Amino acid sequence: MPELPEVETYARYFARHALQQRIARVRVLDERILGEQRKAAFTRGLTGKSFTRVRRHGKHLFADAGDVWLHLHFGMSGDLAYYRDEPPRFARVIFDFDNGAHLAFEDMRLFGVAELTRDPDVYILEHRLGPDPLDPNFRLANFRALLAGRRGAVKSLLMSQDVIAGIGNLYADETLFQTGIHPRRAADRLTPDEVKSVHRTMRTILKSVIERDGWPPHFLTAHREEGERCPQCGGTIARAVVFGRTTYFCKRHQR
DNA sequence: TTCCATGTTCCGCA
DNA sequence: TTGCGGAACATGGA
């Protein structure tokens, strides 16, 4: 269930459990999760090393293993599990640590990737990832600059990882719901106040889900169904497709 | 059986 | 150049 807040939660989980332990063995249970990388290179690159710290940018997680970093992308169904006994059903890669515990990268649908990369900053540049919205340096002025001259639907822009890294379908809908903006509105037709509101609200939403580790009941996300009552104004929740994704919004208060 | 899914990429077309 | 729609990827859950 991985958009930015979920990946942040995974990063904290990784850091809490899997740092400073020697990796005795790397097991690749399904090579399709490795993307372009070859299994032997992946395994050799991490065996005998230790993860020393983790970093997150948008939906991407990086773990420092000394001369190389592990890069994880969670696709639609990726997750982490630190365990001692039973591996999770859809484990694709398992790190066996010297202490007898294991870290599994699981991903039922296999849209995720586990691979090695030399340097997260280079990865971010090469893959043209935009700024992380929770980076303290991501200020309103940066956001205004990113939106300038973009004519597409505001939801498309929020979800474009080269504009901002980390917002997916649910958080885009939630942000627009809470700012009262219709998902198809052209980005360059937002008023300055609306841009300011999107910037602030988006960050607040991301942080609040991280802090409480779940969705508050008055958020749209708890009511993603056509015909539902809007938890904010009592209007009707509508369903549409925007940027190729199922989109829910309130017909009454999102304009 | 059918539809849907918190993601990304690639292709064709306007 | 920009932006959008559609398809593909793989798999299970309702």
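Just so you know, these numbers come straight off a predicted model, no measurement behind them. Throughout, protein chains are lettered first and strands after them, A, B, ... in sequence-line order, and every chain is numbered starting at 1.
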Asks: As a test of reading the structure: which of dT8(B), dT6(B), dA10(C) is closest to the side chain of E6(A), going by heavy atoms?
Replies: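 For the E6(A) side chain, the nearest candidate turns out to be dT6(B).
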Asks: For dC3(B) and R239(A) - does any side-chain N or O of the residue sit under 4.0 Å from the phosphate oxygens OP1/OP2?
Replies: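 So the side chain of R239(A) is outside the cut-off, no N or O lying under 4.0 Å from OP1 or OP2 of dC3(B).
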Asks: Which heavy atom in T201(A) sits nearest to a heavy atom in Q178(A), and how many Å separate them?
Replies: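 Residues T201(A) and Q178(A), closest heavy atoms: CG2-CB, 3.7 Å.
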Asks: If you check the L110(A) side chain, which of dA5(B), dA10(C), dT8(B) turns out closest?
Replies: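 When the side chain of L110(A) is considered, dA10(C) is the closest of dA5(B), dA10(C), dT8(B).
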Asks: To the nearest Å, how far apart are F243(A) CZ and dG6(C) P?
Replies: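 For the pair F243(A) CZ and dG6(C) P, the rounded distance is 14 Å.
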Asks: Hey, any chance F243(A) and L147(A) share a hydrophobic cluster, counting ILVMFWY side chains that come within less than 4.5 Å of each other, even indirectly?
Replies: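 Not linked; separate clusters.
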Asks: Tell me the interatomic distance from R151(A), atom CZ, to dC4(C), atom P, rounded to whole angstroms.
Replies: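 Between P of dC4(C) and CZ of R151(A): 9 Å.
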Asks: Figure out the CG/P separation between L29(A) and dT11(C), and round it to whole Å.
Replies: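 Taking CG of L29(A) and P of dT11(C), I get 14 Å after rounding.
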Asks: For dA10(C), which nucleotide is its Watson-Crick or G-U wobble mate, given both distances must be under 3.5 Å?
Replies: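 Matched dA10(C) with nothing under the 3.5 Å cut-off.
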Asks: Is I33(A) linked to I94(A) within one hydrophobic cluster, defined over Ile, Leu, Val, Met, Phe, Trp and Tyr using a side-chain heavy-atom separation of less than 4.5 Å?
Replies: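 Each belongs to a different hydrophobic cluster.
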Asks: Could you tell me whether T221(A) contacts a base, only the sugar-phosphate backbone, or nothing, with contacts defined as non-hydrogen atoms closer than 4.0 Å?
Replies: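 If one applies the 4.0 Å heavy-atom cut-off, T221(A) turns out to touch nothing in the nucleic acid.
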Asks: Examine dC4(C): is either OP1 or OP2 under 4.0 Å from a nitrogen or oxygen in the side chain of R245(A)? Give yes or no.
Replies: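 Looking at the OP1 and OP2 atoms of dC4(C), neither is under 4.0 Å from any side-chain N or O of R245(A).
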Asks: Could you work out which one of dT6(B), dA10(C), dG3(C) sits closest to the side chain of R224(A)?
Replies: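 The listed nucleotide nearest to R224(A)'s side chain is dT6(B).
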Asks: So, K49(A) and D67(A), do they make that salt bridge, N to O below 4.0 Å?
Replies: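 A salt bridge links K49(A) with D67(A).
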Asks: Look at R184(A) and dC4(C) and indicate whether a side-chain polar atom (N or O) is within less than 4.0 Å of OP1 or OP2.
Replies: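 Answer is no, no contact under 4.0 Å.
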Asks: Quick one: which of dG7(B), dT6(B), dC4(B) gets closest to the side chain of M159(A)?
Replies: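 Per side-chain heavy atoms of M159(A), the pick is dG7(B).
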Asks: According to the Watson-Crick and G-U wobble definitions, with both distances under 3.5 Å, which nucleotide is paired to dC4(C)?
Replies: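 Across any shown strand, dC4(C) pairs with dG12(B).
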Asks: I need the minimum non-hydrogen distance between F219(A) and P231(A), along with the two atoms involved.
Replies: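 Closest pair (atom of F219(A), atom of P231(A), distance): O-CG, 4.2 Å.
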Asks: Side chain of S156(A): nearest nucleotide among dT6(B), dG3(C), dC4(C)?
Replies: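 Given the options dT6(B), dG3(C), dC4(C), the side chain of S156(A) is closest to dC4(C).
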Asks: How many whole angstroms separate atom CD of E106(A) from atom P of dT6(B)?
Replies: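 Whole-Å distance recorded here is 19 Å.
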Asks: Could you work out the separation of dC4(C) and dT6(B) based on their C1' atoms and round it to a whole Å?
Replies: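 Comparing C1' positions in dC4(C) and dT6(B) gives a spacing of 22 Å.
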Asks: Rounded to the nearest Å, what distance is computed from the NE2 atom of residue H127(A) to the P atom of nucleotide dG7(B)?
Replies: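 That distance rounds to 18 Å.
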Asks: Would one find a side-chain N or O of H73(A) under 4.0 angstrom from OP1 or OP2 of dT8(B)?
Replies: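 It does, given that an N or O in the side chain of H73(A) lies less than 4.0 Å from OP1 or OP2 of dT8(B).
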Asks: Give G244(A) one of three labels, base, sugar-phosphate or nothing, depending on what nucleic acid heavy atoms sit under 4.0 Å from its own.
Replies: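 It contacts nothing in the nucleic acid.
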Asks: Just to confirm, is there a sub-4.0 Å distance from OP1 or OP2 of dA5(B) to any side-chain nitrogen or oxygen of R109(A)?
Replies: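 Answer is no, no contact under 4.0 Å.
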Asks: How close or far is atom P of dG7(B) from atom CG of D79(A), stated in whole angstroms?
Replies: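 In whole Å, dG7(B) P and D79(A) CG are 15 Å from each other.
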Asks: Closer than 4.0 angstrom, basic N to acidic O: yes or no for D64(A) and R55(A)?
Replies: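 Judged by the 4.0 Å cut-off on N to carboxylate O distance, D64(A) and R55(A) do not form a salt bridge.
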Asks: To the side chain of F90(A), which of dG12(C), dA5(B), dT8(B) is closest?
Replies: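 Nearest to the side-chain atoms of F90(A), counting from C-beta on, is dG12(C).
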Asks: Select one nucleotide: of dG7(B), dC4(C), dT11(C), the one nearest the side-chain heavy atoms of A153(A).
Replies: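 From the listed options, dC4(C) comes nearest.
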Asks: Using the P atoms only, state how far dG6(C) lies from dC3(B), rounded to an integer number of Å.
Replies: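 Their P atoms lie roughly 16 Å apart.
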Asks: In whole Å, I'd like the distance from the CG atom of L170(A) to the P atom of dG7(B).
Replies: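 Roughly 7 Å, once rounded to whole Å.
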Asks: Run the ring pair (Phe, Tyr, Trp, His ring centres under 6.0 Å) check on F177(A) and H253(A) step by step: do they pass?
Replies: CA-CA 8 Å; F177(A) 174 80; H253(A) 86 266; 4.9 Å; yes
Asks: OP1, OP2 of dT6(B) versus side-chain N and O of K59(A): anything below 4.0 Å?
Replies: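 For K59(A), the contact criterion (side-chain N or O under 4.0 Å from OP1 or OP2 of dT6(B)) is not met.
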Asks: Counting heavy atoms from C-beta on, name the nucleotide in dC9(C), dT11(C), dT8(B) closest to the side chain of F111(A).
Replies: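 Nucleotide nearest to F111(A)'s side chain: dC9(C).
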Asks: Whole Å only: how far is the CE atom of M76(A) from the P atom of dA5(B)?
Replies: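 Taking atom P of dA5(B) as the reference, CE of M76(A) is at 8 Å.
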